[in-house]
Protein chains: 2
Amino acid sequence: MQNKRVVLGDDHPVFRGGLSQLIRQILPFADIVEAGTLDEVLSAARLGAPPSLLVIDLLFPGLSIEQSLPALRQEFPKASIVIVSMVNDQRTIQNVMDMGIDGFINKSVSVDDIATAITAVCDGDVVVKTSSQSDILMESEKPALTQRQSDVLGLMVEGKSNKEIALILGISPFTVRIHVSALLRALDVSTRTGAVAKAYSNGILTS
Amino acid sequence: MQNKRVVLGDDHPVFRGGLSQLIRQILPFADIVEAGTLDEVLSAARLGAPPSLLVIDLLFPGLSIEQSLPALRQEFPKASIVIVSMVNDQRTIQNVMDMGIDGFINKSVSVDDIATAITAVCDGDVVVKTSSQSDILMESEKPALTQRQSDVLGLMVEGKSNKEIALILGISPFTVRIHVSALLRALDVSTRTGAVAKAYSNGILTS
DNA sequence: GGATCAATAAGGCATATGTGCTAATGCAAC
DNA sequence: GTTGCATTAGCACATATGCCTTATTGATCC
């Protein structure tokens, strides 16, 4: 039997290296290919035999992988797809899991737990491994924004106007203003510029 | 001679593992201690001989390390302190560097570059290694703002309104608007939020 | 002296922003 | 089932913002 092919996609080389080493330990005979961009993931996955395992970061520079996941799932129906990410919010995780992937692992999870999670996925299980206490503390210190408020804030920090945000998100400008007002209150500021400043200095942004 | 002591603080176990392996390669005889929280970093650093190198994540769960840095710098004056972080905006980096540390490395930087950066810091250099894929403007192509425009932009990034800026600078709100309009044109943006975003990501504010 | 530019100030005008208010839908918890 | 919350949408109103024009002062350069 041919060796398992594993494609490992993450834009942080050091994290990728650590993950690669980890996978080598649990799958000693696997052929592991590392990729730093979504394009590299795709070309690596298409090269040679279909991969049996794809481990990919959710937040890639450039295109959001969330949009590419369905296509990926369809192109490699037999592969186990595992998403690793810093995000720990149930809503996002549910969204991603609904795309028919096999696992979601938070980056804050311990090496051992990631290893057992990936092993389980290779055995056909579906695993969601969210962060334990350490990150929940972090979450509680940050102002709690809803999903949509985060979306809007993310566009605000890029200098988009309410009208532009409405266009991009496909909702009404009135609704955008609702979200803006709500997040301004949540961040305890009175202007959007203040929100942007706070977003930058607090590291609320998960770019 | 005693082995070098290295304390490695990061809340992501996999990244920490990758970084640990990397440091083992460039400092084969070092005694590397890993820590997942700020408290662990402190107790590890205080245990035994003073560490010669501290490599710490900027965004730690719990207390912001930015607030602890001055104390850390004071407690371990001889140690080289290197901050690793996801953030890539010049303003934050400058703030951190001003606390008297020896290096700032973005997490997106390649393994080789991180290795050379840490090696350089161990040799006594001060190194700032930002992400290469980020579109940081070169010194030559930085928009030239007048003194007053910089003053105004500096207050804008703190979320102040034109009226507040006028009060703080002791000038008329009309004049503030003149400066705002001028610097928006100079930065090639159409809204103040866009200017703030550009100021953060491009490090225009070097004062 | 004449030219240029930063900085100051002001009025007018169009658009953007932020805050009330009401209201419907869907989803999850109890 | 009811309660709560997120999300959606709209209207009205006050304020902020950004751009246009004109104008004066002081500093610097040729």
Side-chain angles (χ1 to χ4, degrees), chain A residues 66 87-99 128 130 136 139-140 142-199 204 206, chain B residues 142-199 204-205 207:
Chain A
E66 285 183 72
V87 312
N88 206 38
D89 125 70
Q90 282 304 123
R91 198 186 172 85
T92 305
I93 294 172
Q94 195 54 52
N95 279 342
V96 174
M97 291 307 294
D98 286 346
M99 295 175 185
V128 174
T130 53
I136 293 165
E139 296 292 335
S140 67
K142 284 183 186 176
L145 297 184
T146 69
Q147 181 62 42
R148 219 40 168 170
Q149 286 165 9
S150 293
D151 295 343
V152 172
L153 180 57
L155 292 166
M156 279 166 64
V157 301
E158 293 177 17
K160 309 288 187 201
S161 71
N162 288 346
K163 203 179 285 182
E164 290 173 309
I165 295 173
L167 270 176
I168 294 171
L169 294 182
I171 57 180
S172 156
F174 294 101
T175 308
V176 174
R177 291 202 291 181
I178 298 278
H179 294 311
V180 172
S181 279
L183 73 87
L184 291 186
R185 222 172 316 168
L187 297 184
D188 193 30
V189 293
S190 61
T191 67
R192 61 172 45 220
T193 320
V196 170
K198 204 148 196 169
I204 293 170
T206 50
Chain B
K142 268 186 191 172
L145 298 183
T146 69
Q147 182 59 46
R148 218 44 168 169
Q149 286 166 8
S150 293
D151 296 343
V152 172
L153 181 56
L155 292 166
M156 279 166 64
V157 302
E158 293 175 18
K160 310 287 189 206
S161 70
N162 287 347
K163 201 179 284 183
E164 291 174 307
I165 294 173
L167 272 174
I168 293 171
L169 294 182
I171 57 180
S172 156
F174 295 102
T175 308
V176 175
R177 292 200 293 177
I178 299 277
H179 294 309
V180 173
S181 279
L183 73 86
L184 290 187
R185 223 171 315 167
L187 297 184
D188 193 30
V189 292
S190 61
T191 67
R192 60 171 48 219
T193 320
V196 170
K198 206 149 194 169
I204 290 167
L205 298 170
S207 62

Heavy-atom closest pair (B:Leu184 atom, B:Ser190 atom, distance to 0.1 Å) is CD1-O, 3.9 Å
Quick tally for nucleotides 21-30 of chain C: nucleotides whose base has a protein heavy atom under 4.0 Å get B, sugar-phosphate-only ones S, the rest -, giving ----------
Taken to the nearest whole Å, CE/B:Met156 to P/D:dA16 is 16 Å
Looking only at heavy atoms, the pair that brings A:Arg192 and A:Met156 closest together is CB-CE, 3.5 Å
On DNA chain C, more 5' by nearest nucleotide between B:Thr193 and B:Arg148 is B:Arg148
_Taking only side-chain N and O atoms of A:His179, does any of them lie within less than 4.0 angstrom of OP1 or OP2 on D:dT8?_
yes
Per-helix bend value, the helix from C:dG1-D:dC30 to C:dC30-D:dG1, C1' rotation axes over five pairs per end, 10° rounding, shows 50°
B:Asp151 atom CG is separated from C:dT8 atom C1', nearest whole Å, by 14 Å
In this structure, CD of B:Glu158 is separated from CD1 of B:Ile165 (nearest 0.5 Å) by 9.5 Å
5'-most contact on DNA chain C (nearest-nucleotide basis), B:Gly170 vs A:Thr191, goes to B:Gly170
Between CG of A:Asp188 and C1' of C:dG18 the distance, given in whole Å, is 15 Å
From CD1 of A:Ile165 across to P of C:dA16 the rounded distance in Å is 13 Å
To the nearest angstrom, the CD-C1' distance between B:Gln149 and C:dA7 comes to 10 Å
Between CG of B:Leu184 and P of D:dG18 the distance, given in whole Å, is 5 Å
Rounding to 0.5 Å, atoms NZ (B:Lys160) and OG1 (A:Thr191) come to a distance of 9.5 Å
### Message
As a quick check of understanding, evaluate side-chain contact (heavy atoms from CB on, under 4.5 Å) for B:Ile171 and B:Arg148, giving each step before the final call.
### Response
CA-CA 11 Å; B:Ile171 57 180; B:Arg148 218 44 168 169; 3.7 Å; yes
Between the CG atom in B:Leu169 and the OG1 atom in B:Thr175, the distance rounded to the nearest 0.5 Å is 10.0 Å
From the candidates C:dT17, C:dG18, C:dT8, the one with an atom nearest any side-chain atom of A:Ser161 is C:dT17
Exactly one candidate in B:Ile168, B:Val176, B:Asn162 meets side chain to side chain contact (heavy atoms under 4.5 Å, CB included) with B:Leu155; the answer is B:Ile168
Closest heavy-atom pair, A:Ala166 versus A:Ser172, reported as atoms and distance to 0.1 Å, is CB-C, 3.9 Å
Scanning both residues in full, the closest heavy-atom pair of B:Leu183 with B:Ala195 reads CD1-CB, 4.2 Å
To the nearest angstrom, the CD1-C1' distance between A:Ile171 and D:dG10 comes to 14 Å
Counting only side-chain nitrogens and oxygens, does A:Ser181 get under 4.0 Å of the OP1 or OP2 atom of C:dT17? no
Atom pairs, protein N/O to nucleotides 12-15 of chain C N/O, distance under 3.5 Å:
unit_1 : atom_1 : unit_2   : atom_2 : d
C:dG12 : O6     : B:Arg177 : NH2    : 2.9

To the nearest angstrom, the CG-P distance between B:Leu183 and C:dA7 comes to 11 Å
_Please determine whether a side-chain nitrogen or oxygen atom of B:Thr146 lies at a distance below 4.0 Å from atom OP1 or OP2 of C:dA6._
no
Nearest heavy-atom approach of B:Ala182 to B:Gln149 is CB-NE2, 3.3 Å
So what does B:Ser172 touch, heavy atoms closer than 4.0 Å: a base, only the sugar-phosphate, or nothing? sugar-phosphate
Please check the phosphate of D:dT17 (OP1 and OP2 only) for any side-chain N or O of B:Asn162 closer than 4.0 Å.
yes
Note: A:Leu153 and A:Leu187 closest approach over all heavy atoms is CD2-CD1, 4.2 Å
OP1, OP2 of D:dT17 versus side-chain N and O of B:Arg192: anything below 4.0 Å? yes
